[in-house]
Amino acid sequence: QVQLVESGGGLVQAGGSLRLSCAASGRAFSFYAVAWFRQVPGTEREFVAGLSRSGASTYYADSVQGRFTISRDNAKNTVYLQMNSLKPEDTAVYYCAADPDIRTMAARYEYDYWGQGTQVTVSS
């Protein structure tokens, strides 16, 4: 069992930066693949970025490639999402997700563990 708690969301102007954190509790978190998703009310939750269990492989949605960076610190049981050059269309609730057995990183149905979400609002 893993519990995830996101933090770091807020209001930022377009072009600005935010760093989201996802603190995990539970054993063996380093053996979990992790990802960030986001959701705008009335739309489906979409994949943003993912990181393999080893940390050797990263995956990004085309819309955030080159602007966002996912990373993890296994010693702190924490996953990060550094978001730069933010745009108004990045406004959403951002969710952290984790699972020990992922075949398709962008498939939200493969993740068993989710945080409660943190709101990111980018003003123009």
Please report the interatomic distance OG(S30) to CZ(R72), rounded to the nearest 0.5 Å.
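Going from the OG atom of S30 to the CZ atom of R72 covers 7.0 Å.
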If I take atom OH from residue Y32 and atom CG from residue N74, how far apart are they, to the nearest 0.5 angstrom?
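Nearest 0.5 Å value for the OH-CG distance: 12.5 Å.
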Please say whether the positively charged group of R45, taken as NZ for Lys or CZ for Arg, lies over the ring of Y95, i.e. under 6.0 angstrom from the six-membered ring centre and within 45 degrees of the axis.
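Verdict for Y95: a cation-pi partner in R45.
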Which heavy atom in [X] sits nearest to a heavy atom in [Y], and how many Å separate them?
X   : Y   : value
P88 : A14 : CD-CB, 4.1 Å
Q82 : S17 : NE2-CB, 4.0 Å
A92 : V40 : CB-CG2, 3.9 Å
R38 : D90 : NH1-OD1, 2.9 Å
N77 : G26 : ND2-O, 3.7 Å

Student check: side-chain heavy atoms of [X] and [Y] closer than 4.5 Å:
X   : Y    : result
L20 : V120 : yes
W36 : C96  : yes
F68 : N84  : no
Q39 : E46  : no
V48 : Y60  : no
F37 : Y111 : yes
V34 : Y113 : no
V5  : Q116 : yes

Please check this pair: side chain of [X] against backbone of [Y], looking for a donor-acceptor N/O pair closer than 3.5 Å.
X    : Y    : answer
T121 : L11  : no
S52  : S57  : yes
S54  : A56  : yes
D99  : D112 : yes
E6   : S21  : no

Is there a path from [X] to [Y] through hydrophobic residues (I, L, V, M, F, W, Y) whose side chains come within less than 4.5 Å of each other?
X    : Y    : value
F29  : W114 : no
V122 : L18  : yes
Y80  : L4   : no
M83  : V12  : yes
V93  : F47  : yes

Looking at Q3, I'd like to know if its CD atom is crowded, meaning that more than 12 non-hydrogen atoms belonging to other residues, nucleotides or ligands lie closer than 6.0 Å.
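Open: at most 12 neighbouring heavy atoms sit under 6.0 Å from CD of Q3.
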Give the intermediate values and the outcome of side chain to side chain contact (heavy atoms under 4.5 Å, CB included) for residues M105 and E110.
CA-CA 8 Å; M105 188 66 69; E110 292 206 19; over 6 Å; no
